[in-house]
Colleague: 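Structure incoming, see below.
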Amino acid sequence: MRGAALLLTSCVVVFLLLSFSRAARQGQDIRCGACRALVDEMEWTISQVDPKKMIQTGSFRINPDGSQSIREVPLARSEGNLLDLMESVCERMEDYGERTDPSTNRKSYVRVKSRTGEALDLSEAALDSRATSSLKFACETIVEHHEDEIIEFFAHETDNVKDKLCSKRTDLCDHALNIPHDEL
């Protein structure tokens with residue numbers, strides 16, 4: 001009797017540990033997916049702004065020597081424009097679906113609605129409103145907690161922002177080396 005109780009307790013503990021491990025991995029998958037989707041959406045939106053449009057930034061006060069500390073920066077990468085973009089970027093998480101890698105069972109998130117109206121391959125994507133709302137919530141949390149880092153990366157046109165922001169700076173993607181790098 002005592003042996004059966006010990007065996008049952010051991011099985012329950014193993015089951016709980018496996019469940020916790022799976023839930024933690026799913027939580028990380030959704031945070032990583034939200035970060036990568038956020039970067040995709042920000043990069044695409046920035047690319048749609050005319051690169052010739054400039055905005056003046058700095059102080060409009062006159063220095064003692066009669067000069068002003070004003071500089072021109074591209075509008076697309078100005079702090080004000082980036083803040084505006086970050087206010088609405090998470091709304092576009094509704095355009096993403098969930099995809100599960102059959103070999104690793106890790107989840108990733110792919111765009112299921114085209115920006116230009118062209119057909120997309122949706123054969124591997126699952127459309128699930130719970131996953132979409134979780135992705136949107138994760139995106140909003142990332143924007144709230146990492147606003148300064150997002151602005152810093154996008155203001156300076158850093159190459160490979162996905163890996164640098166989502167893996168190295170924020171540690172949202174610990175498995176980024178296993179995620180294929182897509183081209184825009």
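Numbering of residues begins at 1 and proceeds along the displayed sequence.
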Colleague: Minimum heavy-atom separation for Tyr109 and Gly33, please, with both atom names.
Modeller: CD1-CA, 3.7 Å
Colleague: Of all heavy-atom pairs between Thr100 and Lys107, which one has the smallest distance, and what is that distance?
Modeller: OG1-NZ, 3.2 Å
Colleague: By salt bridge (Lys or Arg N to Asp or Glu O under 4.0 Å), which residues pair with Lys113, not counting sequence neighbours?
Modeller: Asp95
Colleague: So, using side-chain hydrogen bond (donor to acceptor under 3.5 Å, both in side chains) as the criterion, who are the partners of Glu152 when residues are at least two apart?
Modeller: Arg169
Colleague: Can you sort out the partners of Ser88 under side-chain hydrogen bond (donor to acceptor under 3.5 Å, both in side chains), two or more places apart, ordered by chain and number?
Modeller: none
Colleague: Just to verify, what does Asp159 make a side chain to side chain contact (heavy atoms under 4.5 Å, CB included) with, not counting sequence neighbours?
Modeller: none
Colleague: Once side-chain hydrogen bond (donor to acceptor under 3.5 Å, both in side chains) is applied, do any residues pair with Ser129, and if so which ones, sequence neighbours excluded?
Modeller: none
Colleague: Do the side-chain N and O atoms of Ser108 and Arg36 include a donor-acceptor pair separated by under 3.5 angstrom?
Modeller: no
Colleague: Can you sort out the partners of Thr170 under side-chain hydrogen bond (donor to acceptor under 3.5 Å, both in side chains), two or more places apart, ordered by chain and number?
Modeller: none
Colleague: Only pairs at least two apart or in different chains count here, so list each salt bridge (charged side-chain N to carboxylate O under 4.0 Å, His left out) that has a residue in residues 64-82.
Modeller: Arg77-Glu157
Colleague: Which other residues end up in the same hydrophobic cluster as Ile55, if Ile, Leu, Val, Met, Phe, Trp and Tyr are linked when side-chain heavy atoms come under 4.5 Å apart?
Modeller: Val49, Val73, Leu75
Colleague: Residues two or more places apart in sequence or in another chain: which of them pass salt bridge (Lys or Arg N to Asp or Glu O under 4.0 Å) with Glu94?
Modeller: none
Colleague: Are Val89 and Thr45 close enough, and set up right, to give a side-chain contact (heavy atoms from CB on, under 4.5 Å), and what steps lead you there?
Modeller: CA-CA 9 Å; Val89 70; Thr45 306; 6.0 Å; no
Colleague: Donor-acceptor pairs under 3.5 Å, side chain of residues 134-145 to any protein atom, not counting sequence neighbours: which ones?
Modeller:
residue: Ser134; atom: OG; partner: Arg130; partner atom: O; Å: 3.0
residue: Lys136; atom: NZ; partner: Glu91; partner atom: OE1; Å: 3.4
residue: Lys136; atom: NZ; partner: Glu91; partner atom: OE2; Å: 3.4
residue: Thr141; atom: OG1; partner: Phe137; partner atom: O; Å: 2.9
residue: His145; atom: ND1; partner: Thr141; partner atom: O; Å: 3.4

Colleague: Can you confirm whether Pro74 sits close enough to Met54 that some side-chain heavy atom of one is under 4.5 Å from a side-chain heavy atom of the other?
Modeller: yes
Colleague: Tell me, please, which residues at least two apart from Glu147 pass side chain to side chain contact (heavy atoms under 4.5 Å, CB included).
Modeller: Leu83, Met86, Ile151
Colleague: Taking the side chain from Asn81 and the backbone from Ala76, do they hold a donor-acceptor pair closer than 3.5 Å?
Modeller: yes
Colleague: Evaluate the side-chain contact (heavy atoms from CB on, under 4.5 Å) criterion for residues Leu82 and Ile150: first the C-alpha distance (whole Å), next the side-chain angles of each, then the deciding distance (0.1 Å), finally the verdict.
Modeller: CA-CA 9 Å; Leu82 293 173; Ile150 294 168; over 6 Å; no
Colleague: Kindly say whether Leu120 contributes a backbone atom to a donor-acceptor pair with the side chain of Ser114 at under 3.5 angstrom?
Modeller: no
Colleague: Working to the nearest 0.5 Å, report the span between SG of Cys35 and CD1 of Ile30.
Modeller: 13.0 Å
Colleague: How many angstroms lie between CG in Asp50 and NZ in Lys52, if you round to the nearest 0.5 Å?
Modeller: 6.5 Å
Colleague: To the nearest 0.5 Å, tell me how far Arg92 CZ sits from Asp40 CG.
Modeller: 11.0 Å
Colleague: Is there a side-chain contact (heavy atoms from CB on, under 4.5 Å) between Val161 and Glu43? Walk through the geometry before answering.
Modeller: CA-CA 9 Å; Val161 175; Glu43 286 178 338; 3.8 Å; yes
Colleague: When you check the gap from the basic side-chain N to the acidic O, do Glu41 and Arg111 get nearer than 4.0 Å?
Modeller: yes
Colleague: Once rounded to the nearest 0.5 Å, what's the spacing between atom NE2 of His146 and atom CG of Leu172?
Modeller: 5.0 Å
Colleague: Could you walk me through whether Cys166 and Cys32 satisfy the disulfide bond (SG atoms under 2.5 Å apart) test, starting with their C-alpha distance in whole Å, then the side-chain angles of each, then the deciding distance to 0.1 Å, before giving a yes or no?
Modeller: CA-CA 7 Å; Cys166 298; Cys32 179; over 6 Å; no
Colleague: Could you grab the distance from atom CE of Met42 to atom CG of Leu85, nearest 0.5 Å is fine?
Modeller: 5.0 Å
